[in-house]
Number of protein chains: 2
Amino acid sequence: MRVTIADVARAAGVSKTTVSRVVNGKADVDRSTAYRVREVIAGLGYVPSSGAVGLARGSSRTVGMLVPSLTWPWMGELLQGVVDTVEAADYGLLLFTCNRGAESVRRFTGQVSARAFDGLVVVEPENTLGHLTALHRAGLPIVLIDDRGHHPAFPSVVTTNYEGGASAARHLRDSGRTRPLVVTGPQDFGCVRDRMRGFGSVLPTGLVAHGDFTERGGRLAVEQLLASGAEFDSVFAHNDISAVGALRALHAAGRRVPDDIAVVGFDDIPVARHIEPPLTTVRQPTRQMGETAARMLLSHLGGTAVPDEPVVLPTELIVRRSAP
Amino acid sequence: MRVTIADVARAAGVSKTTVSRVVNGKADVDRSTAYRVREVIAGLGYVPSSGAVGLARGSSRTVGMLVPSLTWPWMGELLQGVVDTVEAADYGLLLFTCNRGAESVRRFTGQVSARAFDGLVVVEPENTLGHLTALHRAGLPIVLIDDRGHHPAFPSVVTTNYEGGASAARHLRDSGRTRPLVVTGPQDFGCVRDRMRGFGSVLPTGLVAHGDFTERGGRLAVEQLLASGAEFDSVFAHNDISAVGALRALHAAGRRVPDDIAVVGFDDIPVARHIEPPLTTVRQPTRQMGETAARMLLSHLGGTAVPDEPVVLPTELIVRRSAP
DNA sequence: CTGAAAGCGCTTACAG
DNA sequence: CTGAAAGCGCTTACAG
């Protein structure tokens, strides 16, 4: 049977109140009493029921994490950053995905109302910002990772998309490329617009193909451009996956990378290192973004005010052979 | 303020008992009463507190998941399988890692005692089997994914490591390779021994280099063998990461893949598709393993007996250019 | 078909 | 320094 606070109190010959005080390290307990209680706790192997503590205190000491998918290439790093931070603070981490559309969202909202967690770290699933804003208004502490340029009304952690785009362009320009093709991500993403503008601040962006962050999208975009006879000496893809697609299309068309055409991606996922040629890319500090978001949420839960304007973490250009 | 069952009862003019019955779909409630209560619930937006329900019922309707790391290449798929299954059953998923050794384990055990979750899906972190066995003996329902050949005393989901090794060997043999080099994983892993034996049941394994499941390990192993002047016409690496290392070493030494030497890996992680040449590999049904494990745990929690002997899911040989 | 009451395992004023 | 009692928000015999 489960050992309860009542068992400890009985065995130690004190009240439950006193046991509670000892467990929670409150002052005002006689040293020898506290010692005796601790002995009994150790002997019985007593651990307070998290459910009961949560109910009595009105908080669950648990953080929720909502993500669109767990299989995206950089999600593992991000999640590890969040989990490490949350665990170090002795909080639990409740994980949710929105894989199954509206149904998932409904279920998730239920968990919120059920007070299953005290606060939420979220990588925004598509079209849920309104929903999240409502939850935030209703009092749920939220920190958003990667706002996609949507600039929400609550704290968020973002990366330097504008500057990242600019750094890609500078690198291409400095290595003598002047006619880039830009393969974008979904155009309604703010991060896509920012990467675009940053890039455009350095290099002309006459040639633009609209991709969708998939390998296939990157491949098709480049295939079409090649077929159209357009001339370009480099490709800036808005993420690594579509850069991989671009690489495939160039390879299939007999163009040499980087000799004929240089390629730069964005993200620095594991595949970037392993593909041939290895991909030059703008690295996002994914793990650090997870850590930072978790830390912000925890300090908010701890009562410290957290700024509403986004916390910005820097990207870093990683130079590999696809654009030396 | 939070809406409680008392608020609903008051507004509907019934007792909390009746509200509880309606919420939980018990029979023996007058149709019109039930209707009225449901109206009030909808109007007030009442959702039962999961903490209070858990305390009263003695279960948390939450499943724990313990993994060694979230950044392993196949972990995302596995986790997605677990999360989807758990969410579909209206359970929560509490995530733990053992990144920080003993400290993590201690913390984790605390959560177990605190009854934060009803059962556990676990990918075994190194050297925790004894610990897990103890928890299982103490009454915690556990399902292990990938037993590493340790054959624990509780339910588990494994893949056909022996047959996977054999299928790799058959494929190499059928394409005319007769002198393979086997690059193993850590030798104390049961799965490594099984892959070894399965492979050896088809092809002679005169040449064995002991790797450690890392890219560097695979590279060093092949470099040493090449330096020793040993002759081999193929490499079977016990996982894809070390196959990537092997590929690098072969490439650096000027050996052509697959013309001179064919390479087969194990796992089928994303990089396998993207590396040059694309890697022939023994695919593990990672996502399905996650789903299966979660389903087993849930049915155990639901009261259905679950077999103690491992549930075995089949591997599949994926043929790509590194060993056509 | 319905409700009063006890109980789940804690915390927290309050009183001494 | 310590404890009795109320309360957190539910569920569940039990009685009617």
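Quick note on labels: first sequence line is chain A, next is B, and so on, each numbered from 1.
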* Asked: Between the side-chain atoms of B/Thr17 and the base atoms of D/dT12, is any donor-acceptor pair under 3.5 Å?
  ->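 Pair found.
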* **Any N/O donor-acceptor pair, B/Arg21 side-chain to C/dG3 base, under 3.5 Å** =>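 Check passes, donor-acceptor contact within cut-off.
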* **Nucleotide paired to D/dA13 in any strand shown, Watson-Crick or G-U, under 3.5 Å** => none
* Contact check, side chains of A/Arg2 and A/Thr4, non-hydrogen atoms, under 4.5 Å ->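 Sidechains of A/Thr4 and A/Arg2: in contact.
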[N], OP1 or OP2 - any side-chain N/O from [X] closer than 4.0 Å?
{"X": "B/Thr33", "N": "C/dT2", "value": "yes"}
{"X": "B/Lys26", "N": "D/dT12", "value": "yes"}
{"X": "B/Ser20", "N": "D/dC10", "value": "no"}
{"X": "A/Thr18", "N": "D/dT2", "value": "no"}
{"X": "A/Ser15", "N": "D/dG3", "value": "yes"}

* Rounded off to whole Å, could you give me the CG-to-C1' distance for the B/Leu55 and D/dG7 pair? => 12 Å
* Asked: Counting any heavy atom closer than 4.0 Å, what does A/Val23 reach on the DNA or RNA strands: base, sugar-phosphate only, or nothing?
  ->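 Nothing, no heavy atom under 4.0 Å.
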* **Exercise: identify the closest heavy-atom pair between A/Ala89 and A/Leu298** =>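 Looking at all heavy atoms of both residues, the closest pair is CB-CD1, 3.6 Å.
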